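Every value quoted in this text rests on a predicted model; they were computed, and no experiment measured them. In what follows, chains carry the letters A, B, and so on, assigned in the order in which the sequence lines appear, proteins first and then strands, with residues in each chain numbered from 1.
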Protein chains: 2
Amino acid sequence: MANRKISNTLALAVLGLLREQPMHPYEMASTLRERHKDSSFKVNSGSLYDTVEALVRHGWIEPVETARDGRRPERTVYAATGLGESEFVRWIDELLRTPVAEYPKFMAAVSYLGALGPDRAAEALTERAQQLSRRIEETRAVLADTVDSGKVPRLFMIEVECSLHAWEAELAWTRRTVTEIRDGSLVWPRAERTEQGWTWSAPTDTERKGTAG
Amino acid sequence: MANRKISNTLALAVLGLLREQPMHPYEMASTLRERHKDSSFKVNSGSLYDTVEALVRHGWIEPVETARDGRRPERTVYAATGLGESEFVRWIDELLRTPVAEYPKFMAAVSYLGALGPDRAAEALTERAQQLSRRIEETRAVLADTVDSGKVPRLFMIEVECSLHAWEAELAWTRRTVTEIRDGSLVWPRAERTEQGWTWSAPTDTERKGTAG
DNA sequence: CCGCGTATAGTCGGATCCGACTAATAGGGA
DNA sequence: TCCCTATTAGTCGGATCCGACTATACGCGG
């Protein structure tokens, strides 16, 4: 069915760009990259062209021109329709208002943290913490170079602040968890099979790591 | 190509379950729900059966029995292979170690917060804050009923703590942003078309909302 | 003026995802 | 006992996603 509601947020980005001016898909992709929006939207050329077609099917955008420059492939230029402009705003409102379940890969892995055992788990999380803080520094640098320097209004990069905040929170949790593993406050139970599923028992004091203190 | 690396984390969940004991797919789904793991993994029946097949193709799991109970559809029971068990641990390690870009829907919407105008944006974020805090309360209740009451070891629900932490951070950012919109510290520039792309200007003092204080 | 790397612009086929559907049985109230 | 619903178990076809690929043009060092 062509009428399944559009869910890919890349369509939101397309709509946002076409609200400013008509464009062909390749230009959308490069504009998004220029504006650092490729950290909020997964810009994949294949998906982009599919998304544009889906938007046309829904009547949210329409082709306005098909130009050919020399013998390069044709470029089809699209523009937002009135419907598209209003749905753009409605969709943003909905996405902001209503939290939906997301399934980040990190959460899946944390879910089975136990399988690594305390030492390897702490080591892996420590490495993540390093990479996260590097990424945070890089992002701060981008903000300094765009917003703080007055090149771009803060509102236009507000999502960068938002994800920065999220990463900082993740970093804090990660570091805290490493500490709790090392000082023994996050206990590794020993699981055992019985006829009726699983039981577990807290390790005895002598089994616990001696690093507590 | 059947050899594209498995990326769906539902496969991680399957592996985690089969490491405990052989199971048929439907039982995997219900076990995951019972254990509240359906908040870290998107458990969709269609995807589940596809994922199981992919795991078989990769040799990470294998069918061990095909039972038929009365005239019900056949149930195929699977077990993890040695390869599957080791890849399970390796995969978790990798997912923990290396942060990867995710594209949450919220971030996409925040990216175009400007399009709603200050009043509607603040209103939408306020509603989100309410829903988030409700969800946080519910999650706390689940933790109280499982971990705090000693029914389940903390390590086995650690991902719930992790996502709780993430939601709290999101809630904090959301509330702070509402405040900044209302007191005028997050400024709405007026964008204008010129021949050379866009310019913007900060609103004059008299244009700014009078709620600042 | 000839390679050669990079930018431009988009296509294609297969992998993946998912919701809606089927179909049988168990349980429980009237 | 008979119907209605919930649970058990899985199938199917289409929608979506994505990486790898094609093909032209442009700049520039030698």
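Remark: P of D:dT8 and CG of B:Leu48 are 15 Å apart, rounded to the nearest angstrom. A straight line from CG of A:Leu55 to P of D:dC17 spans 11 Å, rounded to a whole angstrom. With rounding to whole Å, B:Glu53 atom CD is found 12 Å from D:dC12 atom C1'. As rounded to whole Å, 13 Å separates atom P of C:dT11 from atom CZ of A:Arg75. The nearest whole Å value for the distance from the CZ atom in B:Phe41 to the C1' atom in C:dC17 is 17 Å. Rounded to an integer number of Å, the gap from CE of B:Met23 to C1' of D:dG10 is 17 Å. Atom pair B:Lys5:NZ and C:dT16:P shows a separation of 13 Å (rounding to whole Å applied). The distance between atom CG of A:Asn44 and atom P of D:dC17, rounded to the nearest whole Å, is 10 Å.
DNA chain D is contacted by both B:Glu27 and B:Ser47; B:Glu27 maps to the nucleotide lying nearer its 5′ end (nearest heavy atom per residue). Between B:Ser7 and A:Ser30, the residue anchored closer to the 5' end of DNA chain C is A:Ser30, taking for each the nucleotide with the nearest heavy atom. Comparing A:Gly46 and B:Thr76 against DNA chain D, the residue whose closest nucleotide sits nearer the 5' end is B:Thr76.
For A:Arg33, the side-chain hydrogen bond (donor to acceptor under 3.5 Å, both in side chains) test picks out no residue, with sequence neighbours left out. For A:Glu62, there are no side-chain hydrogen bond (donor to acceptor under 3.5 Å, both in side chains) partners at least two apart in sequence or on another chain. The side-chain hydrogen bond (donor to acceptor under 3.5 Å, both in side chains) check on B:Glu94 picks up B:Arg90, with sequence neighbours excluded.
At the phosphate of C:dG10, neither OP1 nor OP2 sits under 4.0 Å from any side-chain N or O atom of A:Ser45. Between A:Lys42 and the phosphate of D:dC18, there is a side-chain N or O to OP1/OP2 separation shorter than 4.0 Å. For C:dT16, the OP1/OP2 oxygens have a side-chain nitrogen or oxygen of B:Arg57 closer than 4.0 Å.
Of all nucleotides listed (C:dA9, C:dC17, D:dC18), D:dC18 comes nearest to the side chain of A:Asp50. Comparing C:dC18, C:dA9, D:dA9 by their nearest atom to the side chain of B:Tyr26 picks out D:dA9.
You won't find any donor-acceptor pair under 3.5 Å spanning the side chain of A:Asn8 and the base of D:dC17, going by distance alone.
Every pair passing side-chain hydrogen bond (donor to acceptor under 3.5 Å, both in side chains) that includes a residue from residues 132-141 of chain A is listed here, sequence neighbours excluded: A:Arg140-A:Glu168.
Considering all non-hydrogen atoms of both residues, B:Lys37 and B:Phe156 come closest at NZ-O, 3.0 Å.
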Indicate every side-chain donor-acceptor pair of residues 41-55 of chain A with a distance under 3.5 Å to a residue at least two apart or in another chain.
from    : atom 1 : to      : atom 2 : distance (Å)
A:Asn44 : OD1    : A:Gly46 : N      : 2.8
A:Asn44 : OD1    : A:Ser47 : N      : 3.3
A:Thr51 : OG1    : A:Ser47 : O      : 2.7

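The stretch residues 97-112 of chain B has no heavy atom under 4.0 Å from DNA chain D, so no residue of it qualifies as close.
Between B:Trp60 and B:His58, the two ring planes are perpendicular [angle over 60°; tilted spans 30° to 60°].
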